[in-house]
Participant: 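Supplied in structure tokens, the structure appears directly below.
Bear in mind the structure is a predicted one, so any value in this text is a computation, not a measurement. Counting starts at 1 for both ligands and their atoms, following the listed order.
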Amino acid sequence: MYIVVKKSKKKRYSIATLGSHCSLQILKGAKDEGFNTLLICEKRRLGLYKRFNFIDDMILVDKFNEISDESCQQHLRKTNSIIIPHGTMIAYMSREEIEKITIPFFGNKWIIKWEADRKLKQQLMNEALLTTPRYVESKDDIERLCIVKLHGAAGGRGYFLAWNRQSFEEAAKKLMDQGVITSEDDLYIQEYVNGVPTYLQFFYSSVTNVLEFMGVDRRYESDVDGMGRIPAKQQLGIEMQPSYNVIGNIPLVLRESLLEEVYAMGERFVKTARRLVPPGMTGPFCIEGIYDREGKFTTFEFSARIVAGTNLYLDGSPYSGLIFDKPMSMGRRIAHEIKMASKQGRINDILT
Ligand code: ADP
């Protein structure tokens with residue numbers, strides 16, 4: 001492991017994160033709020049990240065899980081770092097590795113288990129009274145269009161649609177032949193909800209105890225979002241199973257009449273997380289689901305940390321603009337929270 005120190009400043013907090021997902025937004029926001037910034041960067045990605053002047057220090061690693069190595073943690077301690085988690089950290093590090101990190105961690109590291117485990121995730125959504133898609137216990141119970149997911153899949157890869165037992169078995173067999181799954185038990189069947197997939201981005205401040213709705217996006221997924229470009233006749237002629245791999249995000253604003261329920265869902269989520277996973281949901285999170293034709297929201301997922309869709313709003317969103325008088329990205333909002341908590345001597349309220 002090599003350490004590249006570009007221009008360390010006097011002793012103050014460094015905002016640190018892994019170089020991927022939304023690290024640019026996080027570190028730009030931290031710099032705008034006056035923090036030192038530190039990137040844990042895979043050597044192969046140095047070419048990209050050295051382009052950005054707002055990154056003060058870098059720790060170069062071969063693999064992200066080196067962050068739990070003592071030498072890496074020592075450097076993070078020396079630079080007075082606070083780690084900001086994001087989707088790549090969740091995807092590339094085990095829950096145990098994350099829980100072992102001794103560096104101050106922004107938000108609640110204990111909630112990651114609830115995000116990673118389907119059963120716990122469902123429990124939290126149920127107790128928060130979020131409507132979720134019907135779970136289909138067995139392939140024999142498939143009566144309508146269903147989406148079949150892989151346990152612990154990241155980014156919708158390998159998901160498929162099934163409408164009866166036969167279509168389920170055919171697609172499952174393909175995944176087994178490709179070595180993606182070992183048996184049908186690796187799959188999880190859920191009723192397909194038709195409508196607009198929507199990602200609601202929130203920030204809960206443990207300093208002010210206020211929930212902020214910061215933005216909303218939808219994902220652009222390959223190939224499911226590209227299939228509409230192929231006429232129906234050709235679609236029938238080719239055997240095509242849509243994949244849900246996220247390629248990017250598209251901004252969205254909601255009908256204003258939907259906002260009240262958005263806040264209500266966010267507040268129920270925060271309240272439930274506080275009860276089930278102390279100290280609760282500090283900082284960014286996302287409720288992910290589908291609006292149907294009646295404007296009713298069905299939640300299929302949540303992320304208990306910043307999501308990549310917030311990268312859209314580096315200069316603020318149509319919602320953050322209603323709360324703040326300066327451009328406020330989610331990354332900057334995190335830094336702002338750390339600054340507020342630190343000024344009030346409450347830094348431990350927002351770290352685990
Ligand atoms: P991952 O957690 O792997 O990113 P998600 O559960 O977020 O996967 O789902 C990936 C995509 O699959 C979503 O963006 C959405 O388009 C689609 N999807 C997931 N669940 C449903 C559902 N019940 N009905 C319809 N589409 C769904």
Side-chain angles (χ1 to χ4, degrees), residues 20-22 85-92 95 111-126 130-137 139 141-163 167-168 171 175 180-181 186-202 216-228 240-252 265 269 284-312:
S20 186
H21 196 263
C22 56
H86 56 52
T88 299
M89 183 181 239
I90 313 292
Y92 286 88
R95 175 172 70 78
I111 204 166
I112 285 168
K113 179 168 87 174
W114 291 69
E115 180 181 328
D117 180 310
R118 262 199 209 285
K119 280 206 181 103
L120 291 177
K121 176 176 270 187
Q122 189 65 37
Q123 184 190 343
L124 208 158
M125 294 192 291
N126 289 349
L130 299 171
T131 306
T132 55
R134 196 170 74 84
Y135 166 61
V136 180
E137 211 159 317
K139 60 184 177 185
D141 300 333
I142 302 177
E143 285 166 353
R144 290 200 245 157
L145 187 61
C146 287
I147 181 162
V148 184
K149 304 183 175 188
L150 271 62
H151 279 292
R157 225 178 247 129
Y159 288 11
F160 65 86
L161 299 181
W163 48 96
S167 58
F168 172 90
L175 288 180
V180 179
I181 56 169
D186 295 338
L187 299 170
Y188 175 94
I189 313 169
Q190 204 174 63
E191 221 163 70
Y192 187 87
V193 183
N194 200 19
V196 184
T198 308
Y199 292 74
L200 306 170
Q201 307 160 4
F202 297 92
V216 50
D217 70 286
R218 55 161 300 192
R219 293 181 179 175
Y220 203 82
E221 295 165 336
S222 184
D223 297 315
V224 70
D225 287 313
M227 284 177 85
M240 197 169 176
Q241 196 50 267
S243 140
Y244 294 82
N245 190 27
V246 182
I247 299 298
N249 302 75
I250 303 173
L252 205 67
M265 288 191 290
F269 186 86
F285 67 99
C286 184
I287 296 181
E288 313 176 0
I290 292 175
Y291 277 107
D292 69 13
R293 59 173 80 177
E294 263 96 45
K296 202 170 107 342
F297 192 79
T298 302
T299 305
F300 56 73
E301 184 74 281
F302 68 80
S303 297
R305 35 83 193 169
I306 187 170
V307 289
T310 59
N311 286 340
L312 284 165

Participant: Quick one: does ligand 1 sit under 4.0 Å from the side chain of Ile290, the backbone, both or neither, non-hydrogen atoms only?
Facilitator: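 Just the side chain.
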
Participant: Below 4.0 Å from ligand 1: does a non-hydrogen atom of Tyr220 turn up there or not?
Facilitator: no

Participant: Could an N or O of ligand 1 be found under 3.5 Å from any N or O of Tyr244, whether backbone or side chain?
Facilitator: no

Participant: Is a side-chain N or O of Tyr159 found less than 3.5 angstrom from the main chain of Ile147, in a donor-acceptor match?
Facilitator: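 A pair under 3.5 Å: no.
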
Participant: Just wondering, are more than 12 heavy atoms of other shown residues or ligands nearer than 6.0 Å to OH in Tyr92?
Facilitator: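 Counting neighbours around OH of Tyr92, 12 or fewer heavy atoms of other residues, nucleotides or ligands fall under 6.0 Å, so no.
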
Participant: Without swapping roles, check the side chain of Ser243 against the backbone of Ser222 for a donor-acceptor pair under 3.5 Å.
Facilitator: yes

Participant: Between the main-chain N or O of Tyr135 and the side-chain N or O of Asp141, is there a donor-acceptor pair closer than 3.5 Å?
Facilitator: no

Participant: Polar contacts were defined as any N/O atom of the residue lying under 3.5 Å from an N/O atom of the ligand; does this apply to Gln190 and ligand 1?
Facilitator: yes

Participant: If you round to the nearest 0.5 Å, how far is NE2 of His21 from CD1 of Ile90?
Facilitator: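 Atom-to-atom, Ile90:CD1 and His21:NE2 are 9.0 Å apart.
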
Participant: Report the part of Glu191 (side chain from C-beta onward, or backbone N, CA, C, O) that has a heavy atom under 4.0 Å from ligand 1; answer both or neither where that applies.
Facilitator: backbone

Participant: When you measure from the side chain of Asp223 to the backbone N and O of Met227, does any donor-acceptor pair fall under 3.5 Å?
Facilitator: no

Participant: If the cut-off is 4.0 Å to any non-hydrogen atom of Pro133, which atoms of ligand 1 fall inside it?
Facilitator: 23 (N)

Participant: Return a yes/no value for Phe300: is any of its N or O atoms, backbone included, closer than 3.5 angstrom to an N or O of ligand 1?
Facilitator: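 No, there is no polar N/O contact under 3.5 Å.
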
Participant: Kindly say whether Ala304 contributes a backbone atom to a donor-acceptor pair with the side chain of Glu115 at under 3.5 angstrom?
Facilitator: yes

Participant: Can you list the atoms of ligand 1 that are under 4.0 Å from a heavy atom of Arg219?
Facilitator: 4 (O), 7 (O)

Participant: Show the atoms of ligand 1 that are less than 4.0 angstrom away from any heavy atom in Tyr199.
Facilitator: 13 (C), 14 (O)

